[in-house]
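Here the structure comes first, spelled out in structure tokens, and everything after it is commentary.
Note that these values count all heavy atoms, side chains included, but never hydrogens, waters or copies made by symmetry.
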Amino acid sequence: MVSAAVSASSEVPLEIWFSTPAEFDGHTALTGLRTGMENPDPQWETSSLPLGNGFIGANVMGPVSTERVTLNEKSLWEGGPNIQGGASYYWDVNKPSASAVRDIRRAFMDGDISLADSLTRHCLNGKASYEPSEESPFRFGSFTTMGELHIATGLSQDGVTSYRRSLDIEDAVAEVSFEKDGTGYCRSFFVSYPDRAMVMRFSSGKPQERLVLKYVPNPRSEGTFFGEGTSILYSGRLSGNGMRFAVRVAAVLPGGGSARAEDGCLVVENARDVVFILTAGTDYRMNFNPDFSDPLTYAGGNPEADTEAALEAAMKKSYDELLARHTADYQELFGRVSLDLGGAAEKKAASSYHVAQSLDTPGRLARYRAGEKDFGLEELYFQFGRYLLISSSRQGTMPANLQGIWHNGVDGPWHVDYHNNINIQMNYWPALVTGLQECYPPLIDYIRSLEKPGERVARSCFGAGGWTASISSNIFGFASPLSSTDMSWNLIPVAGPWLAVHLWEYYQYTQDKEWLRDIGYPLIKGSADFTADYLWKSPDGTYMACPSTSPEHGPVDKGATFAHAVSREILDAAVSAASELGIDAADRERRSGILDSIAPYRIGRYGQLMEWSEDIDDPEDRHRHVNHLFGLHPGHTISPLSTPELAKASEVVLEHRGDGATGWSMAWKLNQWARLHDGNRAYKLFRNLLKDGTVDNLWCSHPPFQIDGNFGGTAGMAEMLLQSHAGCIHLLPALPSAWDDGKVSGLRARGGFELSFTWKDGRLEECRIYSAAGHRCTVYYDGQYLDFPTEKGHFYHLSAGPDGHHLKLIN
């Protein structure tokens, strides 16, 4: 493989760091946070350092006196079928609305838009509320904190110098270092995937008189502390649904000293070097075929036994061995892609490079917001998105949620759930193109977990076969519309098809035909079956998504452009997948016929791509969702290469919407401008995202913190350099003038290709392609196509000539 070793493009390391500690007063947010937009602990949201292994998430942020670490376990959720009322109450969420769908379509035919709207709002909603204040017990639930660790050190801030709190994203290790009264102190933190444990090392130049580690559990839990020797266990249950969870911490003293369990705490005395090892888990088990009568259908693990086994195994290894296993596992993924955005002169100039090297991350951001160049910061942002995905999405876990894996309260914005109207999809946009296919299975498993509940939604709500999902999901198979009558956000029948399209994306990159046959295609087929049944064959013979909406924007419609675009994608994916497998010829023909008859894209009176079936777009509208450009991105049915008129109409939409928005929205528009091959406009959106949508620890802010903007930003940068959705590998499709020189190694393209290439003065120099599947390769650059056969496992070297023209194969 081409995969490159990790390398920063300058001497500035790939790290996020702070020169001042956070305050401890934010720990009260543990009990104070409820549903809402404003985090009562802003330091956690802007200044903490996130660590994770897909199972355990942690944030390092404490002061010198008491190190504070917030904890999460991805599957610790409230709600679900084991709440009071049991499984029958939890699953009684769908209204029998199939007849209402027919009435809605008839109302649209009769021109009675008011009736169509009323029927949609009152018949196509569900029974479960999204607000805990409106329903007791609360079915949907929320992602919730696993509590916090407080490690009291007995040190004061007085006399502290050289304080530094950093996260090195090249090895996924956080470190706190400082000097006090002539003694150096260092605290190191990482969360290991291979050992399923968090490791924390406290060391100093002299024996530390006393460290006291205290675990503070989720306040909505009931449990018991156990202490034995040098370890403690908290065995607990969430109060609402009885979910069992366990947290264990042990102290290891490589250099002497003493440790003991005391009153639920670990007390360490007279030790220069202390290694704390934490394991955590729940009794949650994902279920692809849930028993709708069983309140424990998503339970089955033994967190006490699992955490004990993991802790015992970890304690048999030295700190160096644990660190080596962690870094080897992490770097095998992270090190596949390197990026150098050039700008060598600016990087080496005293006014840029050396200043950036000496500033902490908040200082670099402030300088960047003031208009200064910092290519190293842009590279860091790109790689930070990859870091966050590795840390929050590993095989065997739930996928990354609205905040990845990190949260500091019992409930939070949008319940920190899985939003299916772009957010979870955006989380995975960078995975395949940046070489992180191993981070994708949690998304696949999540989609699989929605199939059986989604069949009930399709049948009950729409009288359709197959399966679908709606706006929000949890870890307990929730796939239904919610009870709100605000259909601008609550009606999204094609949320399931949008998710299922990602399965075809996975195959396009991996070319794993066995996976496609056994897992991918059955889910794609079921989603396409729903879509074919849901689409309405109108009197003029066209198929329309009726009723539908443009998510979070505008009226109920008889054929929203967004819903048609998603329908095209899933039907095309089903046809292509069946053809790839050589099966279901009759289904292929039927789906192709529907696909060809979906109501076409339309251009409105302003030259814009119309969002709805009627030309009601407002050029002054600045709404954050740009749903009707789905066919441009993330879809593939609009492109400057194949549909230039539609691409131009899409550009008009983006001009109308403007370059400002919430964080994730700027990330989406960045990707859309890249798909329009406008590098400078894409770069403007990227700079806006980094300046206006990013907080001091480089997390994206909606506001509040919402991680999809980070992932969308990384994906957008990749789209500026490489695209492969239009039937060819398009090199440097949206290169901005600011990135005049550069190189990238390890990006992936559909068809099973891996690429590394360089450019100078804005022109391609050379490109190296590895063929993992042996398919024919078509490369496009600057109006030139180069098509050639490949053999599996072979490399191919391309040159663009001395002037960037005359693309040719040189081996």
Side-chain angles (χ1 to χ4, degrees), residues 27-34 55-59 66 68-84 132 137-138 141-152 191 196-198 200 212-251 259-267 276-285 295-296 298-312 314 398 405-412 416 475-476:
H27 73 282
T28 58
L30 179 66
T31 57
L33 186 59
R34 296 295 186 270
F55 295 93
I56 299 170
N59 294 78
T66 304
R68 177 187 172 208
V69 181
T70 60
L71 296 173
N72 295 101
E73 210 284 344
K74 181 80 73 58
S75 60
L76 191 64
W77 261 76
E78 296 186 305
N82 199 39
I83 57 172
Q84 185 180 1
F138 184 45
S142 65
F143 181 55
T144 190
T145 178
M146 188 167 262
E148 298 190 0
L149 290 181
H150 300 158
I151 303 102
V191 186
R196 290 284 297 273
M198 181 176 186
M200 299 162 282
V212 180
L213 180 147
K214 179 182 180 181
Y215 169 66
V216 183
N218 183 308
R220 290 187 184 173
S221 69
E222 302 166 350
T224 304
F225 280 99
F226 299 92
E228 182 178 356
T230 61
S231 67
I232 59 172
L233 160 68
Y234 180 79
S235 178
R237 290 178 181 267
L238 292 181
S239 302
N241 62 7
M243 180 180 281
R244 294 169 53 202
F245 69 97
V247 178
R248 292 181 185 269
V249 189
R260 66 183 184 278
E262 183 179 289
D263 298 328
C265 299
L266 280 178
V267 180
F276 295 110
I277 302 175
L278 178 146
T279 58
T282 76
D283 68 350
Y284 175 79
R285 290 293 181 269
L296 297 178
Y298 292 100
N302 187 332
E304 289 83 4
D306 293 344
T307 55
E308 181 179 27
L311 184 61
E312 288 182 352
M398 292 297 297
I405 193 175
W406 300 280
H407 183 49
N408 67 324
V410 294
D411 197 354
V416 198
I475 67 172
F476 307 111

We want to know whether Ser235 and Glu304 form a side-chain donor-acceptor pair, criterion being a heavy-atom distance below 3.5 angstrom. yes
Without swapping roles, check the side chain of Ser231 against the backbone of Ala250 for a donor-acceptor pair under 3.5 Å. no
Measure the CZ-OG1 distance between Arg248 and Thr279 for me, rounded to the nearest 0.5 Å. 6.5 Å
Using the test side-chain hydrogen bond (donor to acceptor under 3.5 Å, both in side chains), find all partners of Glu262 that sit at least two apart in sequence or belong to another chain. Arg260
Does Asn241 reach the main-chain N or O of Ile83 with its side chain, forming a donor-acceptor pair under 3.5 Å? no
Steps toward side chain to side chain contact (heavy atoms under 4.5 Å, CB included) verdict (Asp306, Arg196): CA-CA 10 Å; Asp306 293 344; Arg196 290 284 297 273; over 6 Å; no
Note, Pro219 side chain near Val410 side chain (heavy atom, < 4.5 Å): yes
Distance, nearest 0.5 Å, that separates CD1 of Ile405 from CD of Glu73: 7.0 Å
Can you find a heavy atom in the side chain of Met243 that is under 4.5 Å from one in the side chain of Asn82? no
Shortest non-hydrogen contact between Asn72 and Thr145, atoms and distance: ND2-CA, 3.7 Å
Supply the atom-to-atom distance Asn59 CG to Thr70 OG1, rounded to the nearest 0.5 angstrom. 3.5 Å
For the residue pair Asp283 and Pro303, what are the closest heavy atoms and their distance? CB-CD, 3.8 Å
Evaluate the criterion side chain to side chain contact (heavy atoms under 4.5 Å, CB included) for residue pair Arg244 and Asn302; output intermediate values, then yes/no. CA-CA 8 Å; Arg244 294 169 53 202; Asn302 187 332; 3.6 Å; yes
If we ignore hydrogens and angles and just use 3.5 Å, is the side chain of Tyr298 paired with the main-chain N or O of Ile475 as donor and acceptor? no
Leu278 and Leu149, any side-chain heavy atoms less than 4.5 Å apart: yes
Go through Met398 and Tyr284 one step at a time and tell me if the side chain to side chain contact (heavy atoms under 4.5 Å, CB included) criterion holds. CA-CA 10 Å; Met398 292 297 297; Tyr284 175 79; 3.8 Å; yes
Can you classify the ring geometry of His407 versus Phe143 as parallel (below 30°), tilted (30 to 60°) or perpendicular (above 60°)? tilted
Thr282/Met146 under side chain to side chain contact (heavy atoms under 4.5 Å, CB included): CA gap, chis, key distance, verdict: CA-CA 10 Å; Thr282 76; Met146 188 167 262; 4.3 Å; yes
At their closest point, which heavy atom of Asp411 faces which heavy atom of Ser142, and how far apart are they? OD1-CB, 3.3 Å
Tyr215 versus Leu71: any side-chain heavy-atom pair under 4.5 Å? yes
Compare all side-chain heavy atoms of Glu78 with those of Phe138 and state whether any distance is below 4.5 angstrom. no
Do the side chain of Asn218 and the main chain of Arg220 share a donor and acceptor less than 3.5 angstrom apart? yes
Heavy-atom nearest pair, Tyr234 first then Ser221, reads OH-OG, 3.3 Å
List the atom of Thr307, the atom of Gly281, and the distance in Å for their closest heavy-atom pair. CG2-N, 3.6 Å
Specify the closest pair of heavy atoms between Ile232 and Gly264, including all atoms of both residues, with the distance to one decimal. CD1-O, 3.4 Å
